[in-house]
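Letters A, B, ... mirror the listed sequences (proteins, then strands); counts begin at 1. Treat the numbers as computed from the prediction; the structure is a model and nothing was measured.
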Amino acid sequence: DAKTTQPTSMDCAEGRAANLPCNHSTISGNEYVYWYRQIHSQGPQYIIHGLKNNETNEMASLIITEDRKSSTLILPHATLRDTAVYYCIVRSGTASKLTFGTGTRLQVTL
Amino acid sequence: DTAVSQTPKYLVTQMGNDKSIKCEQNLGHDTMYWYKQDSKKFLKIMFSYNNKELIINETVPNRFSPKSPDKAHLNLHINSLELGDSAVYFCASSQTGQGPDTQYFGPGTRLTVL
C-alpha cells in the first residue's frame with residue numbers, strides 16, 4: 001500500500017472548517033484513500049473514503065486531486081469533540097490491513 | 001447495541017502469565033482483525049480472519065494465538081506474557097464484498113504486564 005504524509009499537528013477554531021491535507025504521491029490506480037480518527041483512548045473511528053471523486057457524508061468531505069496524489073479531509077464546522085488524531089490511509093483490496101501512520105493531531109480550540 | 005465489543009477493557013497481569021482477550025461483533029461481518037497500539041501510539045495489524053480462516057498474520061510471536069470459534073468472535077490468547085506486550089489491543093470487523101470494505105473498531109483492551 002502507498003505511503004502517506006500528513007502534518008504532525010494542526011489547530012482549528014471551533015465553528016470553523018478544518019482542512020486536513022494528505023500526500024500520497026505513489027498511490028496506485030486501484031487504491032482507495034481512507035480517513036480514520038482516534039479520539040483519546042478510544043478505538044479508531046471510520047470517517048470517509050474515496051477513489052477518484054470527491055465524497056461527502058454526515059461527518060466530513062473528502063477532496064481528492066485529479067492526479068490522486070493528494071487529498072484533503074474537510075470537517076465543515078469543527079467542534080471541540082473533533083479534537084483527535086486523524087489518519088489518512090491508502091489501501092487496496094478487500095479484507096486487507098489498514099496501515100496507520102503517525103497521523104495529524106487536530107486541536108480544536110474555543 | 002454495541003457493534004464491536006471487547007472484554008476486558010483493562011487487564012493487569014504479571015509476566016509469564018497466560019491471558020485472553022475476547023472480541024465480539026454483532027454487525028454480521030465476515031472478517032475480523034486484531035491491531036496493537038504500543039506506548040508510542042503506533043497502531044499495527046496483528047491478525048485477520050475471514051470466515052474463521054486466518055488470512056493475515058503479521059510477524060507476531062507465536063505466543064499470540066487468535067481463535068475464531070465463529071464469524072462473530074475473534075479471541076486473542078497470549079501465552080507467557082512479557083513486559084513488551086503491554087499495549088492497547090483493538091479488535092475490528094468488516095464485511096468483504098465487491099467493493100472496498102470498511103473496518104469498524106472496538107473500544108480497545110489496555111493490557112499492562114508487570
Stepwise side chain to side chain contact (heavy atoms under 4.5 Å, CB included) check, I45(B) with F100(A): CA-CA 9 Å; I45(B) 184 76; F100(A) 289 83; over 6 Å; no
Hydrophobic clusters here meaning ILVMFWY residues chained together by side-chain heavy-atom distances under 4.5 Å, can you tell me if I56(B) and M46(B) are in one? no
- Item | side chain to side chain contact (heavy atoms under 4.5 Å, CB included) between R91(A) and Q103(B), worked out | CA-CA 12 Å; R91(A) 174 175 176 247; Q103(B) 294 180 24; 3.4 Å; yes
Looking only at heavy atoms, the pair that brings D101(B) and Y34(A) closest together is O-OH, 3.0 Å
With clusters defined by side-chain heavy atoms of hydrophobic residues (ILVMFWY) lying less than 4.5 Å apart, directly or transitively, does Y86(A) cluster with L80(A)?
yes
Smallest heavy-atom separation, F90(B) atom then Q38(A) atom, equals CZ-NE2, 3.5 Å
dist Q42(A):CD -> F105(B):CZ (nearest 0.5 Å) comes out at 13.5 Å
### Message
If you count every heavy atom of other residues, nucleotides or ligands that lies below 6.0 Å from R63(B) atom CZ, does the total exceed 12?
### Response
yes
Practice task
For side chain to side chain contact (heavy atoms under 4.5 Å, CB included), just list the numbers for L43(B) and Y36(A), CA-CA rounded to whole Å, side-chain angles, deciding distance to a tenth of an Å, and then say yes or no.
Solution key: CA-CA 12 Å; L43(B) 195 62; Y36(A) 278 77; over 6 Å; no
Checked G103(A), G43(A), G101(A), S41(A) vs chain B; the most non-hydrogen pairs under 4.5 Å come from G43(A)
Exercise. Linking I/L/V/M/F/W/Y whenever any side-chain heavy atoms sit under 4.5 Å apart, do Y89(B) and V113(B) land together?
Worked result: yes
Do M10(A) and I48(A) sit in the same hydrophobic cluster, where Ile, Leu, Val, Met, Phe, Trp and Tyr count as joined when their side-chain heavy atoms come under 4.5 Å apart? yes
L98(A) versus Y33(B): any side-chain heavy-atom pair under 4.5 Å? no
When hydrophobic residues are tied together by side-chain contacts of less than 4.5 Å, even through go-betweens, does L81(B) share a cluster with V88(B)? no
Whatever's closer than 4.5 Å to a heavy atom in chain A on K41(B) counts as backbone
Applying a strict 4.5 Å limit to non-hydrogen atoms, the region of Q6(B) in contact with chain A is neither
